[in-house]
Amino acid sequence: MEIPSKYSAQAVESKWYDYWMTHNYFHSTPDEREPYTIVIPPPNVTGVLHMGHMLNNTIQDVLIRRARLLGKNACWVPGTDHASIATEAKVVAKLKAQGINKNDLTREEFLKHAWEWTEEYGGVILEQLKKLGCSCDWDRTKFTMDDDMSEAVIKVFVDLYNKGLIYRGFRMVNWDPEAKTTLSDEEVIHIEKQGLLYYLEYQIEGSDEKLTIATTRPETIFGDTAICINPTDERFRHLKGKNAIVPICGRVIPIIEDEYVDIEFGTGCLKVTPAHDENDKVLGDKHNLEVIDIFNEDASLNSFGMHYEGQDRFVVRKAITKELEAAGLIAKTENYINKVGTSERTKAVIEPRLSDQWFLKMEDLAKPALDAVLTNGDVKLFPKKFENTYRHWMENIRDWNISRQLLWGQQIPAYFYGDGKEDFVVAENRDDALRLAKDKTGNSSLTAADLTQDSDALDTWFSSWLWPMSVFDGIRNPENEEIKYYYPTNDLVTGPDILFFWVARMIVAGYEYKDEKPFENVYLTGLVRDKQRRKMSKSLGNSPDALKLIDDYGADGVRVGLLLSSAAGNDLMFDEDLCQQGKQFANKIWNAFRLVQGWEVDIAINQPNSSKIAVEWFESKFQKTIAEIEDHFSKYRLSDALMATYKLIWDDFASWLLEIVKPAYQQPIDTKTLESINTIFEDILKILHPFMPFLTEEIWHYIKERSPEEALIISRWPEAQPINEVLISEFDFASEVISGVRNIRKQKNIAFKDAIGFSIVNNENVAPTFDGVISKLGNLESFNYVKEPVEGALTYRVKSNEYFIPMEGSIDVEAEVKKLTEELSYTEGFLKSVQKKLSNERFVAGAPEQVVASEKKKEADALAKIETLKSSLASLQ
RNA sequence: UGAGGUAUAGCUCAGUGGUAAGAGCGUCACGCUUACAUCGUGAAAGUCAUAGGUUCGAAUCCUAUUACCUCAACCA
């Protein structure tokens with residue numbers, strides 16, 4: 001069979017993905033096996049794959065594939081999120097490009113466009129996940145706006161409303177004037193901006209006195225309804241009970257007192273604008289102030305803005321500054337840096353705004369979710385450090401504003417039958433609503449046409465918080481077989497940036513609706529950054545094209561590259577070179593396979609002892625390593641698990657084992673060794689499969705013809721066997737001996753093909769187990785045990801054993817003496833420090849026995865080595 | 001401002017009070033030895049941020065300082 005010398009990922013990867021799909025290996029149905037379930041963090045339906053997706057989906061796939069190999073019923077549920085504001089913004093932009101204004105469309109028309117868009121672009125990202133090798137159960141693909149998913153959302157809304165947890169409130173919310181919707185606190189990003197602090201002068205009513213007030217927002221003076229001073233502030237005591245006059249509009253407003261005002265800041269007095277500032281709203285409520293909203297919904301000024309009506313807030317800020325300046329009402333301006341809230345999606349500066357919104361009471365709901373993570377450990381966060389952040393957020397949780405002034409999303413199931421604030425009912429459908437409305441009003445002549453559904457949609461997260469339940473239809477049919485089997489799920493893999501948006505809320509919903517956690521472990525990946533530690537973002541253009549990476553390095557290579565750089569929970573500095581390393585690793589394994597594949601068997605040959613012992617050694621080493629890998633997985637240290645696998649394959653398998661058993665050029669190999677090597681190779685493919693699924697499946701089928709039932713993806717993880725530790729430590733010693741030979745060859749430029757003589761003074765009484773191996777890898781022509789140092793030879797030592805390689809011609813005695821002297825002085829220094837410890841009575845008395853014993857052993861070893869070195873020196877001189 | 005985190009080789013990071021501190025990558029030297037130059041062999045490279053303290057013993061625990069990161073609140 002002709003096998004190409006370079007591994008080519010492209011052809012291989014699509015072939016095996018198709019094969020897996022054809023044979024339905026990803027599909028899961030409940031059975032008697034233990035389930036292992038992951039629900040995907042649903043990406044935005046119209047999104048494209050970026051590095052963050054690549055990372056966390058690679059991790060999920062590793063976990064799922066490993067669970068499958070461990071014999072569990074592995075189920076990975078994929079899907080997408082409707083991402084209300086992001087998607088709506090895209091649709092609006094697209095319509096705008098076609099000359100269509102969203103406001104000219106009816107709800108139905110707009111939604112039609114949105115669905116068209118979703119159908120056109122939706123799912124692109126899922127196709128990209130397939131390229132990465134993700135073994136999701138595609139038959140279960142869900143979308144947060146699927147009919148059944150929406151039904152669950154509405155059912156939950158109605159239920160929470162009936163429990164008195166959802167209420168309608170006139171509240172200060174974060175208003176995005178561009179998207180014309182509210183945002184949750186979490187969707188607001190505070191950005192430091194250079195602004196100005198303006199010192200405005202307010203006339204005191206009935207006096208010539210002027211009061212100077214500092215503000216960053218002079219355009220909001222139209223909404224001023226009071227001036228506030230601190231009651232303890234001597235400077236303003238005389239103003240108590242007086243009124244001030246707002247510049248330009250001339251409105252008379254009271255001067256009030258409140259401890260809230262910071263005497264030190266600005267001028268020590270504050271203008272109060274209850275409609276446009278959260279803190280001012282609090283003050284306003286406390287002092288019964290008038291509330292004047294001066295903005296339209298696009299943050300242009302309304303009629304309260306007088307001659308600025310219709311102009312944008314930032315335009316007005318400049319203009320009004322000029323007007324005030326001209327009137328001599330600005331005392332001064334100062335540079336001032338403050339953090340301005342901006343919309344995560346549209347980047348628009350957020351305007352605090354009072355409006356009627358729907359809220360979910362969080363305090364009581366949060367309790368079980370808080371306990372689950374912090375008290376009883378039902379849900380474990382990896383890494384643990386996020387627990388503190390979680391606690392802080394959950395303990396200070398605020399009511400959740402769940403309404404959005406958007407069309408794309410589940411429409412709030414509240415039906416108004418009148419104009420009053422309380423003239424509504426909440427129901428799952430219009431018929432129920434009508435019944436309720438009739439009951440509530442006592443008006444039996446109401447008709448469906450009299451009901452108007454609230455036009456707002458629900459926050460996207462109000463559907464995704466149900467995700468682990470609703471994908472199994474657990475809300476609508478709480479007793480169905482699937483939810484009972486798959487819930488709670490096992491692992492959730494996501495970024496720490498949505499710990500509160502999503503993770504915490506899923507835990508809340510889980511306890512409220514299933515009285516149980518939604519998942520056992522939460523693995524929080526780091527953010528993907530570039531080499532300069534900058535976040536990857538479109539605007540910086542520092543995010544590599546995910547699909548191009550896969551083209552260049554193969555999905556296996558990219559997976560390895562991502563995982564190698566991702567210690568759990570730390571941000572990862574993504575470096576394309578790591579994908580290169582992944583690709584090289586694939587090539588290495590490929591060539592190891594080519595080597596083994598090319599061996600001819602001769603049944604007449606007996607297995608050489610060196611091969612026999614090397615195979616035994618590797619089997620133990622393999623067992624030891626998979627135990628380590630197991631441990632890494634249990635701590636979600638995937639990069640360590642991968643690195644252990646990497647070293648096992650590259651160093652132990654390829655560099656040691658294969659080199660030891662490799663027959664001479666064009667010579668055949670014995671049957672026994674080849675069989676062992678093939679078995680070992682298969683075991684290696686199994687443990688590597690979760691990381692590099694394509695390459696491993698390819699080689700698996702090259703090794704021998706296999707039926708679909710024998711595919712690697714559904715094979716079984718190697719079983720644990722006893723570990724021979726003695727063999728492992730003997731090998732470690734032997735490898736040092738081999739290194740010594742190589743070193744001397746290197747120093748003296750002796751080519752490997754020239755066999756050399758070799759003698760050993762075995763002070764350590766090392767067993768001869770690996771002598772054959774040393775001979776082979778050192779290309780030794782002889783292997784002599786001697787009692788006395790060999791003259792005319794180069795030497796090196798391992799512990800107190802001394803090795804001699806006879807040289808033709810003269811030995812550089814001076815260099816040998818120098819080398820020995822250096823080694824001697826190092827060892828003596830080491831001995832001294834050990835003896836210092838041992839002569840310390842408090843150490844011997846206080847340290848555990850084991851530690852003292854190990855120090856004594858060190859002392860004995862050092863003494864023996866010094867003995868050897870001294871006798872060598874003596875023989876040279 | 002508050003809370004949390006981090007500081008170990010050129011880079012990215014392990015290191016669980018007890019080895020004169022480890023890995024991968026990179027660097028340097030030598031080598032195309034017939035699976036692989038996407039390779040092999042070897043080497044160099046650290047004041048464990050700084051200053052104190054606890055301990056027989058500290059990279060590890062404590063305190064302070066400095067620098068950086070994340071999250072929250074931001075003050076007109």
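All chains are named by letter (A, B, ...) in the order of the sequence lines, taking the proteins before the strands, and each is independently numbered beginning at 1.
- Taking only side-chain atoms of A:Met643, from C-beta outward, the nucleotide of B:G15, B:G24, B:A20 with the closest atom is B:G24.
- Contact annotation for A:Ala654: base contact, defined as any heavy-atom pair under 4.0 Å involving a base atom.
- Distance from the side chain of A:His392 is smallest to B:A72 among B:A35, B:A72, B:G24.
- For the residue pair A:Ser854 / A:Lys856, no side-chain donor-acceptor distance below 3.5 Å is found, with atom types taken as modelled.
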Using a cutoff of under 3.5 Å, can you pull out all pairs of nitrogen or oxygen atoms linking the protein to nucleotides 39-44 of chain B, with atom names and distances?
from  : atom 1 : to       : atom 2 : distance (Å)
B:C39 : OP1    : A:Gln584 : NE2    : 3.0
B:C39 : O3'    : A:Lys588 : NZ     : 3.3
B:G40 : OP1    : A:Lys588 : NZ     : 3.2
B:G40 : OP1    : A:Trp650 : NE1    : 2.6
B:U41 : O2     : A:Lys746 : NZ     : 2.6
B:G42 : OP1    : A:Ser739 : OG     : 3.3
B:A43 : OP1    : A:Asn743 : ND2    : 3.4

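- The shortest distance between side-chain heavy atoms of A:Phe752 and A:Arg742 does not fall below 4.5 Å.
- B:G46 is unpaired under the criterion used here, namely a Watson-Crick or G-U wobble arrangement in which both key atom distances are under 3.5 Å.
- The side chain of A:Gln581 lies closest to B:C25 when the candidates are B:C25, B:A35, B:C74.
- Taking the six-membered ring where the residue is Trp, the centroids of A:Phe500 and A:Tyr390 are separated by 6.0 Å or more.
- Across all strands, A:Thr215 comes closer than 4.0 Å only to sugar-phosphate atoms, never to a base (heavy-atom distances).
- Defined by atom type and a distance below 3.5 Å, a donor-acceptor pair is present between the side-chain atoms of A:Asn279 and A:Tyr260.
- Base pairing of B:U1: its partner is B:A72, meeting the Watson-Crick or G-U wobble criterion (both donor-acceptor distances under 3.5 Å).
- With distances taken from any side-chain atom of A:Asn388 to the nucleotides B:G4, B:A35, B:C56, the minimum falls on B:G4.
- Taking atom CG of A:Asp577 as the reference point, atom P of B:U38 lies 14 Å away to the nearest angstrom.
- Residues A:Arg313 and A:Glu351 approach most closely at NH1-OE1, 2.9 Å, considering heavy atoms.
- Partner assigned to B:C61 is B:G53, using Watson-Crick or G-U wobble distances below 3.5 angstrom.
- Across the strands present, B:U6 finds its partner in B:A67; the criterion is a Watson-Crick or G-U wobble pair with both atom distances under 3.5 angstrom.
- Counting non-hydrogen atoms under 4.0 angstrom, A:Lys662 reaches a base of the nucleic acid.
- Between the side chains of A:Lys332 and A:Thr212, no donor-acceptor pair is found at a separation under 3.5 Å.
- Under 3.5 Å, the side chains of A:Tyr198 and A:Glu334 contain no donor-acceptor pair of N or O atoms.
- When the C1' atom is used for both B:A76 and B:U6, the distance is 35 Å, rounded to whole Å.
- Residue A:Lys647 is in sugar-phosphate contact alone, with no base atom involved, counting any heavy-atom pair closer than 4.0 Å across all strands shown.
- Considering only the side chain of A:Phe830, B:A20 comes nearest among B:A35, B:A20, B:U38.
- B:G40: Watson-Crick or G-U partner is B:C30, with both key distances under 3.5 Å.
- Considering only side-chain atoms of A:Tyr646, the nucleotide from B:G24, B:A20, B:A76 that sits closest is B:G24.
- Which of B:C30, B:A20, B:C56 sits closest to the side chain of A:Ala847 comes down to B:C56.
- Looking at the side chain of A:Tyr826, the nearest of the listed nucleotides B:U33, B:G18, B:A20 is B:A20.
- For A:Arg398, counting side-chain heavy atoms from C-beta on, the closest listed nucleotide (B:U70, B:A73, B:A20) is B:A73.
- No engagement by A:Gly598 is indicated, since no non-hydrogen atom pair under 4.0 Å with the nucleic acid exists.
- Residues A:Tyr702 and A:Trp590 place their aromatic rings such that the two centres sit under 6.0 Å apart.
- Residue contacts for A:Glu659: at a heavy-atom cut-off of 4.0 Å it reaches a base atom on one of the strands shown.
- Closest approach to the A:Arg594 side chain among B:C36, B:G4, B:C30 is made by B:C36 (side chain taken as heavy atoms from C-beta onward).
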